[in-house]
Amino acid sequence: MLNFIPASPQSPNNGPGWKETFVMATPHENVPPANLEGKYIAIVVCWLLGNGCLFSWNSMLTIGDYYSYLFPKYHSSRVLTLVYQPFAFGVLSILTYKEAKINTRRRNLFGYILFFISSLLVLVLDLATSGKGGLGPFIGLCAISGAFGVADAHVQGGMVGDLSFMQPEFVQSFFAGLAASGALTSALRLITKGAFENTRGGLRKGALLFFSLSTFFVFLCVLLYAFVFPKLPIVKYYRSKAASEGSKTVSADLAAGGIQTLPHQQAEEDPKQLERLSNKELLLQNIDYALDMFLIYVLTLSIFPGFLSEDTGSHSLGTWYALVLIAMYNVCDLIGRYIPLLKFLKLESRKGLMIAILSRFLLIPAFYFTAKYGDQGWMILLTSFLGLTNGYLTVCVMTSAPKGYKGPEQNALGNLLVLFLLGGIFAGVTLDWLWLIGKGW
């Protein structure tokens with residue numbers, strides 16, 4: 001069990017008040033004490049933090065019709081995504097390699113603050129240029145997209161690694177929040193498109209509203225992560241448990257929660273107690289899960305959002321068609337991430353997961369022939385299925401993989417899986433350009 005012991009107020013390191021000190025003395029169970037508080041609040045906060053992680057980026061994707069209007073020659077939805085991903089993947093590769101030595105609190109706060117600044121800069125750029133197109137503003141927008149990628153690498157890898165040594169419900173809630181950001185921005189886009197006239201001025205009002213909301217929301221996430229999340233008892237329990245198992249990444253978060261970590265007395269006598277598998281060993285043991293994440297997203301991003309934004313032909317829904325498709329994908333992606341909460345519907349077999357993920361590649365010819373010969377109803381159905389399976393399989397993999405490892409190993413594995421996820425996204429958005437073959441630029 002965990003011991004939270006108030007340090008003596010006379011201690012020179014404690015200041016005038018009492019401060020919790022965690023004594024790492026005994027092995028810990030896999031489940032926290034039944035009376036430990038804060039689980040449901042933590043689930044809600046994880047959902048909000050996941051939402052804030054991608055709210056700004058999804059806003060940029062969802063107002064793609066505005067950017068297509070401003071920059072008709074630049075394939076903005078594809079280019080912005082292609083700029084975003086190398087920064088996200090490259091930075092996360094470095095952070096994953098150095099994961100065991102990185103201050104998780106500083107990493108996540110840097111990411112959320114960068115999201116906030118970048119969202120604000122989108123507003124500033126549009127206001128400074130009075131909503132005009134051209135190469136200069138487009139390069140500025142690409143630079144901001146790259147900054148979103150850097151922020152994503154810090155936050156998504158850091159948060160998933162942090163939550164992987166806590167409860168699976170926290171990981172599920174964070175990933176549900178990621179999907180909810182897409183669903184919310186799609187819903188807001190449909191509302192703003194209906195509320196404003198479909199003119200340049202109307203599109204711009206919707207875009208400005210989007211990034212005003214995203215700037216405010218990401219600022220809220222900075223406050224939640226800095227001042228609320230680390231003080232929840234259940235979060236302090238799991239971070240203290242990870243610290244007792246040798247994690248060096250949680251010290252600042254524990255201090256923010258009012259806990260000081262003391263050296264493990266038994267660890268000095270038995271150094272093996274704090275030994276952990278290397279990243280290479282973890283990857284080799286979980287290579288199927290890593291490939292699962294890569295394959296899920298290489299397929300999804302080869303279709304969404306570029307193909308759905310540009311290559312679906314003309315239909316009775318007109319300019320609403322791409323927005324409806326993207327909204328259906330996002331809503332079904334969100335629904336899919338809640339299905340594994342029903343234990344009898346959760347797929348945990350490693351072979352079963354790989355078979356299900358490989359079978360999704362049949363969607364490529366299905367989308368091609370539906371775009372060419374089918375009507376909009378079939379396309380909406382296929383898009384919904386793409387989103388549903390993306391969300392469902394993501395949560396199944398991410399909540400199954402960390403089981404059975406120590407806290408520091410779970411943190412490292414969470415980072416590795418997110419690295420393969422972003423690698424799949426990077427490959428997917430690159431392959432997405434193949435849809436343009438034979439179509440003309």
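Atoms considered below: every heavy atom in the structure, side chains included; atoms not considered: hydrogens, waters and symmetry mates.
Contacts classified as ring-ring contact (aromatic ring centres under 6.0 Å, His included) and involving residues 39-63 (residues at least two apart or in different chains) are given here: F55-F217, W57-Y84. Applying the side-chain hydrogen bond (donor to acceptor under 3.5 Å, both in side chains) test to every pair with at least one member in residues 384-403, sequence neighbours left out, gives these pairs: Y297-T394, T300-N390, Y329-N390, D333-N390, K346-T399, E348-K403, R360-T389. For the ring-ring contact (aromatic ring centres under 6.0 Å, His included) condition, the pairs that include at least one residue of residues 150-178, sequence neighbours left out, are F110-H154.
In this structure, the side chain to side chain contact (heavy atoms under 4.5 Å, CB included) partners of L135, at least two apart in sequence or on a different chain, are Y74, I139. Not counting sequence neighbours, R106 has no partner by the salt bridge (charged side-chain N to carboxylate O under 4.0 Å, His left out) test. With sequence neighbours excluded, the residues forming a salt bridge (charged side-chain N to carboxylate O under 4.0 Å, His left out) with R239 are D162, D253, listed by chain and number. Considering only residues two or more places apart in sequence or on other chains, E409 meets the salt bridge (charged side-chain N to carboxylate O under 4.0 Å, His left out) condition with none of them. Among residues two or more places apart in sequence or in another chain, the ring-ring contact (aromatic ring centres under 6.0 Å, His included) test is passed with F71 by F138. Residues that satisfy the ring-ring contact (aromatic ring centres under 6.0 Å, His included) test with F219, not counting sequence neighbours, are F116. Applying the salt bridge (charged side-chain N to carboxylate O under 4.0 Å, His left out) test to K39 and every residue at least two apart in sequence or in another chain returns E169. T185 pairs by the side chain to side chain donor-acceptor pair (under 3.5 Å) definition with T62, not counting sequence neighbours.
Under the 4.5 Å side-chain criterion, counting only non-hydrogen atoms from C-beta, L386 is not in contact with L382. Looking at Y112 and L49, their side chains come closer than 4.5 Å, going by heavy atoms from C-beta outward. Taking the side chain as every heavy atom from C-beta outward, L345 and P340 never approach each other to under 4.5 Å. Residues L123 and S212 form a side-chain contact, since some pair of their non-hydrogen atoms from C-beta on lies under 4.5 Å apart. Side chains of F115 and C221 form no contact here, defined as non-hydrogen atoms less than 4.5 Å apart. Counting only heavy atoms from C-beta outward, the side chains of N58 and L178 never approach each other to under 4.5 Å. Using a 4.5 Å heavy-atom cutoff, the side chains of P230 and V235 are not in contact. Under the 4.5 Å side-chain criterion, counting only non-hydrogen atoms from C-beta, L223 is not in contact with V228.
Taking CZ from R204 and CG from D126, the interatomic distance works out to 4.5 Å, rounded to the nearest 0.5 Å. Rounding to the nearest 0.5 Å gives a distance of 9.0 Å between CG of L381 and SG of C332. Distance check: S145 OG to L80 CG gives 5.0 Å after rounding to the nearest 0.5 Å. Once rounded to the nearest 0.5 Å, the distance linking CD1 of I191 with OG of S186 reads 11.0 Å. Rounded to the nearest 0.5 angstrom, L95 CG and I102 CD1 are separated by 4.5 Å. How far CG of L413 is from CG of N286: 4.5 Å, rounded to the nearest 0.5 Å.
A donor atom on one side chain and an acceptor atom on the other are not found under 3.5 Å apart for Y338 and Q172. For the residue pair Y405/Q285, the side-chain donor-acceptor check at 3.5 Å is satisfied. Using a 3.5 Å distance cut-off with no hydrogens or angles, the side chains of T215 and S119 do not pair a donor with an acceptor.
Side-chain atoms of E37 do not come within 3.5 Å of backbone N or O of P233 as any donor-acceptor pair. The main-chain N or O of I357 is never found under 3.5 Å from a side-chain atom of D292 such that the two would form a donor-acceptor pair. Side chain of S302 to backbone of L299: a donor-acceptor contact under 3.5 angstrom is found. Judged purely by atom type and a 3.5 angstrom limit, Y66 has no side-chain atom pairing as donor or acceptor with the backbone of M60. In this structure, the side chain of K406 engages the main chain of E275 through a donor-acceptor pair within 3.5 Å. Looking only at distances, no side-chain donor or acceptor of T370 sits under 3.5 Å from a matching main-chain atom of F367. Of the possible donor and acceptor atoms, none in the side chain of Q85 sits under 3.5 Å from a partner among the backbone N and O of L82.
When R107, R276, K248 are each tested for a salt bridge (Lys or Arg N to Asp or Glu O under 4.0 Å) with E99, only one passes: R276.
Within 6.0 Å of OH in Y289 there are more than 12 heavy atoms belonging to other residues, nucleotides or ligands.
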List the steps and the verdict of side chain to side chain contact (heavy atoms under 4.5 Å, CB included) for L48 and L220.
-> CA-CA 9 Å; L48 291 170; L220 176 65; 5.5 Å; no
Would M159 and Y225 satisfy side chain to side chain contact (heavy atoms under 4.5 Å, CB included), going step by step from the backbone distance to the final call?
-> CA-CA 10 Å; M159 284 299 302; Y225 184 82; 3.6 Å; yes
What's the verdict on side chain to side chain contact (heavy atoms under 4.5 Å, CB included) for L291 and M354, showing C-alpha distance, side-chain angles and the deciding distance?
-> CA-CA 9 Å; L291 288 174; M354 183 61 76; 4.2 Å; yes
Evaluate side chain to side chain contact (heavy atoms under 4.5 Å, CB included) for S164 paired with N411, printing each intermediate quantity in order.
-> CA-CA 6 Å; S164 291; N411 190 351; over 6 Å; no
N51/S181 under side chain to side chain donor-acceptor pair (under 3.5 Å): CA gap, chis, key distance, verdict | CA-CA 5 Å; N51 202 319; S181 67; 4.6 Å; no
Can you give each donor-acceptor pair under 3.5 Å made by side-chain atoms of residues 418-427, sequence neighbours left out, with the distance rounded to 0.1 Å?
none

